[in-house]
Amino acid sequence: MPTIISQNYSRFYKGTESLKSYGSNDALKKDTLVKYEFNTTDENGNKIMDKMSKEETLRAMKEISAQYGDNVIVEFSGDGMAALVENKRNRNGSVLDEIMKPMPERQAAMDDMVTQLENTHRIIIPNIQTNQKLYNSLSGADENVIKAANGIITNYFLPGSVSGMTKQERQDMIAFGMEEANYIAAHYLEGEKAKEFLSAMETIAKYGMNGTVSEDGTVKYDIKKGPGLGGAAGYVDTMDVLKEKDPDLYREMKELNNQILNHKDGESYAKRWLELMQKAEKVLASSSDGKLTNREVALKSYADWEEKTEKTELPSAFKNTQYNDLRAFFDSLRGKSSLSQSWLDESMNRFRKWLVLD
């Protein structure tokens, strides 16, 4: 008997993520990723649905995708979607062609994303030092551990939206993410790498704490680029300053830099690059308020931001967490926060799947 899929797909919704840059065509750029997951069993292995037929899968995907605009990519996953497994084995595109008939402009994007599991692509933390520290700590780790770390960051520390959540729930969600990070450090990393991983994750969690939430629940994060790992304290990103103080010079330097990267004859660009750098230095050295130069203002701005981040206190909703094994870990998190039991159960189930522990 075929599975009857409810017209209300909310129970399959797994979250929304902002895309900073996706697609080279400005008219077709995507800025949002929405995730849906159809599984045949719950976290305890109880059956909740059958695998879907090709027709059921097509109907669900078409109806869900039709709810969103052209700037959205909808990602489908889960073992209940039998048609996706079939499509993954046979990449002739016939299934996607049928899905995309009313939405041809999204076909290429959907083709890339439709069978993609969560956290497949490593995210990049905008701050260079934090990003390097995170992935240095994870070097040599199993890919599933890296995917789990990415999942914690994307879903709990830096989500694109917290619509429907209270401020307390959002803070407790960050605390929950840190508990999962502690579990990873305890079971999958050793020594200095475990310490470095937790240090990086704490910093990213602080970025999340300082995010600003709009009325519709969208979150914006002020994460400055900063110097590379081990960079000088007096570092200032020239291009960031130019982008604000002299946009025309900024664009000119970016264009020339792209030309240099795409051509072999570097010497023909050297003189022009030197001229632009000299102009940039004048911009940096000029006074922006009659007292401080643009370089000094930028340095102070980064130092203030760094100090604010360091002084941010992380929430501590969970006490006496047990890290001995997954069951003890999950049980010790229950009933200690504003997060609902259903939210915790769902999130714990995802964590198990990220680590491929089923």
Side-chain angles (χ1 to χ4, degrees), residues 12-20 22 32-39 42-43 73-79 113-126 130-131 133-135 137-139 141-162 165 169-189 193-194 196-209 211 219 221 223 314 318 321 323 326 329-330 333 337 339 342-358:
F12 303 108
Y13 172 77
K14 296 300 176 182
T16 300
E17 176 182 344
S18 295
L19 299 175
K20 293 187 176 180
Y22 191 97
T32 304
L33 171 66
V34 179
K35 302 176 183 180
Y36 283 81
E37 182 176 294
F38 295 75
N39 286 318
D42 62 18
E43 66 168 341
I73 296 172
V74 184
E75 175 187 299
F76 299 94
S77 63
D79 56 354
M113 300 295 290
V114 72
T115 59
Q116 179 181 317
L117 297 177
E118 286 188 314
N119 318 324
T120 299
H121 295 299
R122 299 188 186 188
I123 63 174
I124 297 176
I125 308 303
T130 303
N131 190 71
K133 181 183 286 188
L134 173 65
Y135 288 110
S137 71
L138 291 170
S139 64
D142 187 87
E143 188 63 29
N144 289 322
V145 174
I146 299 173
K147 288 175 65 176
N150 275 255
I152 293 169
I153 295 169
T154 301
N155 291 278
Y156 309 133
F157 293 167
L158 305 176
S161 173
V162 292
M165 299 190 79
E169 287 172 336
R170 181 180 168 227
Q171 291 181 356
D172 289 351
M173 180 174 68
I174 292 174
F176 174 85
M178 275 308 307
E179 292 300 332
E180 289 194 337
N182 277 296
Y183 186 89
I184 289 176
H187 287 269
Y188 298 94
L189 302 172
K193 285 198 172 183
E196 189 176 34
F197 172 72
L198 287 177
S199 175
M201 293 295 273
E202 286 177 358
T203 300
I204 298 167
K206 290 179 180 181
Y207 295 158
M209 288 289 293
V219 192
Y221 303 97
I223 306 177
L314 291 177
F318 303 96
T321 304
Y323 303 106
L326 204 62
F329 173 61
F330 284 173
L333 296 179
S337 71
L339 301 169
S342 61
W343 188 96
L344 287 169
D345 288 342
E346 181 180 337
S347 298
M348 291 171 181
N349 186 43
R350 295 172 77 187
F351 187 56
R352 179 190 286 114
K353 290 183 178 180
W354 291 341
L355 293 172
V356 193
L357 296 178
D358 286 334

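Just so it is clear, the model here is predicted, and its values are computed rather than measured. Here, residue 1 is the first one in the sequence, and each next residue gets the next number. What you see below is based on every heavy atom in this structure, not just the backbone, and it leaves out hydrogens, waters and symmetry mates.
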- Item | Working for side chain to side chain contact (heavy atoms under 4.5 Å, CB included), residues Phe157 and Ile125 | CA-CA 11 Å; Phe157 293 167; Ile125 308 303; over 6 Å; no

- Message: Please find the pair of heavy atoms, one from Ala194 and one from Ala185, that lie closest to each other, and give the distance.
- Response: CB-O, 3.9 Å

- Task: Go through the structure and list residues passing ring pair (Phe, Tyr, Trp, His ring centres under 6.0 Å) with Tyr135, not counting sequence neighbours.
- Result: none

- Message: Looking at every heavy atom in both Gly177 and Ile152, which two are closest together, and how far apart are they?
- Response: O-CG2, 3.5 Å

- Task: For Thr321, enumerate each residue passing the side chain to side chain contact (heavy atoms under 4.5 Å, CB included) test, keeping only those at least two apart in sequence or located in another chain.
- Result: Glu179, Phe318, Tyr323, Phe329, Ser332, Leu333

In a table with atom names and distances, give each donor-acceptor pair under 3.5 Å that connects a side chain of residues 198-208 to protein atoms at least two apart or in another chain.
residue	atom	partner	partner atom	Å
Ser199	OG	Lys133	NZ	3.2
Thr203	OG1	Ser199	O	3.1
Lys206	NZ	Glu310	O	3.1
Tyr207	OH	Thr130	OG1	2.8

- Message: I'd like to check Met173 versus Ser337 (side-chain heavy atoms, cut-off strictly below 4.5 Å). Are they in contact?
- Response: no

- Is there a side-chain contact between Asn150 and Lys147, using heavy atoms and a 4.5 Å cut-off? no

- Task: Tell me, with the steps shown, if Lys353 and Asn39 meet side chain to side chain contact (heavy atoms under 4.5 Å, CB included).
- Result: CA-CA 11 Å; Lys353 290 183 178 180; Asn39 286 318; 2.6 Å; yes

- Give a yes or no on whether the ring-centroid distance for Phe12 and Tyr36 is below 6.0 angstrom. no

- Query: Any side-chain heavy atom of Phe176 sitting closer than 4.5 Å to one from Met348?
  - Reply: yes

- Step by step, would you call Leu158 with Ile123 a side chain to side chain contact (heavy atoms under 4.5 Å, CB included)? CA-CA 11 Å; Leu158 305 176; Ile123 63 174; 5.7 Å; no

- Item | side chain to side chain contact (heavy atoms under 4.5 Å, CB included) evaluation trace for Trp354 with Glu180 | CA-CA 11 Å; Trp354 291 341; Glu180 289 194 337; 4.0 Å; yes

- Item | Ser347: partners by side-chain hydrogen bond (donor to acceptor under 3.5 Å, both in side chains), with sequence neighbours left out | Tyr156

